[in-house]
Amino acid sequence: MTALWWQTGVIYQIYPRSFQDTNGDGIGDLKGIERRLDYLASLGVDAIWISPIYPSPMADFGYDIVDYCGIDSRFGALADFDDLLVQAHARGLKVLLDFVPNHTSDRHPWFVESRSSRDNPKRDWYIWRDPAPDGGPPNNWISDFGGSAWEWDEATGQCYYHAFLKEQADLNWRNPAVQTAMYDVMRFWFDRGVDGFRQPAMGDMHRVLQLHSTDQPEVHAVAADMRAIADSYGAKGQGDRVLIGEIYLPVDRLMHYYGQERAGVHLPFNFQLVEASWEARSLALLIANYEAALPPGGWPNWVLGNHDRPRVAAKRGQAQARIAAMLLLTLRGTPTLYYGDELGLTDVAIPPAQVRDPRGLREPGLALGRDPVRTPMPWDGSENAGFSTARPWLPLNADWPKRNVAQMAEEPHSILTLYRRLLALRRAHLALSIGDFALLDAEGDVLAYERRHGAERLVVALNLGGRSHRLELPDWASDCRPLVSTVADATLAGDGALLLRADEGVILTTN
Ligand code: GLC
């Protein structure tokens, strides 16, 4: 098999408001991302995925879009995007955009037309229903941000559906005109040279069982259409453009998104490590089940966090955040890193007066806000951590004078240095990206597996606990040597066993 870039590569997610500000408004921008491309290239990632940068009233920070084919002035202009693309490509970095097909802003011209009258040609571009006989919402569907998913429209006497905020009206994907318009959006960006999309598909609402509002059978035909568009851009239909689906579903249903004969998205995001209990045996089972559930030719992928979920270092602590890094970068499949995780950034406490996320504002007290995981990237020890000359839109991590890129790049044992080493190893040893995967026998807190490609066999051994462990190595690995440890220089016991210290992860090679 000739591996494609999105199979061997590592994706790095950028939350653009928080990466790098260059125009002094306290909000990151496209020129800021461009300024930091050298950092990203030297870190060793292969692609960046940028959360939405389109014109938006920012009710949901860019996930409420008024123009799919433009750039919000807070982030720059289309010309800045084109520059960024050229500069990224010049460094061998691919650029993925967020495609938000589920809903538009309620200020999008399509919705403005749709709500203007019941017989407007765009009425059916959105989901309008009569209210219940008692005047209430048409049914019990709850929005992802709390409250009914239906909003009453006085002027036309009907309700429209919104899976998220009422400022985010859901498009009616059963309408072919909507499909055509949105496929044109994909072509617009593919024509400009973007390398792929991450596409949010549906949210996870827990208060009612979602039998009729998400994961509908027709969605697979839409995914196949999108896939065909993406594949039409690759050399000889080979498909070097990638589609990644944001799909929060149990593994069996998630697998359907690869599509019949892989006609669906290339990578349905696998969020299991985000939610998993951090316990060696259950992680081993989770990995084995996921590997076993993959359809033939379906390429795996792994994620530790994103702009919607608590950060990995907040959940697992600093020592285990290093183990998590080794796990993410040594499992079979495409890893996606979340900006700042390479610094061990944790969730930043946001004083109530500074809360910005609509989810946090609408359901206060439930700790649902996502601001803590969207704080500015700390670059150096200068004012505002080098992120901006102005007060950043969200507070910095309190420990930024120490926990910043410039400082940690100098420290031989920082998590940043570990990430760099792991990314370099992954690049140098194909076994780590595309090699076969097999679990190894291990007990207690140890998770161990083999990666194998050609003549090379690697052992990855991770101690998920705070006590040392002795791991008996299989015969074939008895004379292997350590490549890297999460703690310090790794040592072998010398008698066919590996002594893992507390919170230590090690990669060994037979070569
Ligand atoms: C996607 C995004 C999330 C956003 C939601 C609604 O799930 O990841 O941040 O709030 O869509 O637009």
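For ligands, and for the atoms within them, numbers begin at 1 and follow the listed sequence.
Under the 6.0 Å distance and 45° angle rule, Arg309 counts as a cation-pi partner of Tyr248. Because its NZ or CZ atom is both nearer than 6.0 Å to the ring centre of Tyr339 and within 45° of the ring axis, Arg311 counts as a cation-pi partner of that residue. A cation-pi arrangement is present between Arg123 and Trp128, with the terminal nitrogen or guanidinium carbon under 6.0 Å from the aromatic centre and inside a 45° cone about the axis. Geometrically, Arg36 engages Trp379 in a cation-pi contact, judged by NZ or CZ lying under 6.0 Å from the ring centre and within 45° of the ring axis.
In summary, the atoms of ligand 1 found under 4.0 Å from a heavy atom of Asp308, numbered by their order in the structure, are 2 (C), 3 (C), 7 (O), 8 (O), 9 (O). Heavy-atom proximity to Arg374, at under 4.0 Å, picks out these atoms of ligand 1: 9 (O). For ligand 1, the atoms closer than 4.0 angstrom to any heavy atom of His307 are 2 (C), 3 (C), 8 (O), 9 (O). Within the listing of ligand 1, atoms 4 (C), 5 (C), 6 (C), 10 (O), 12 (O) sit less than 4.0 angstrom from a heavy atom of Asp60.
The backbone N or O of Asp124 lies less than 3.5 Å from a partner atom in the side chain of Asn175, making a donor-acceptor pair.
Of the listed options Arg370, Glu246, Arg309, His103, Glu246 places a heavy atom closest to atom 7 (O) of ligand 1.
The part of Phe145 lying near ligand 1 is the side chain, judged by heavy-atom distances below 4.0 Å. If you look at Arg198 next to ligand 1, the close heavy atoms, those under 4.0 Å, all belong to the side chain. Here His162 has no heavy atoms under 4.0 Å from ligand 1, in either its backbone or its side chain.
Taking the six-membered ring where tryptophan is involved, the planes of Trp6 and His266 are perpendicular, since the angle between them exceeds 60° and thus also 30°.
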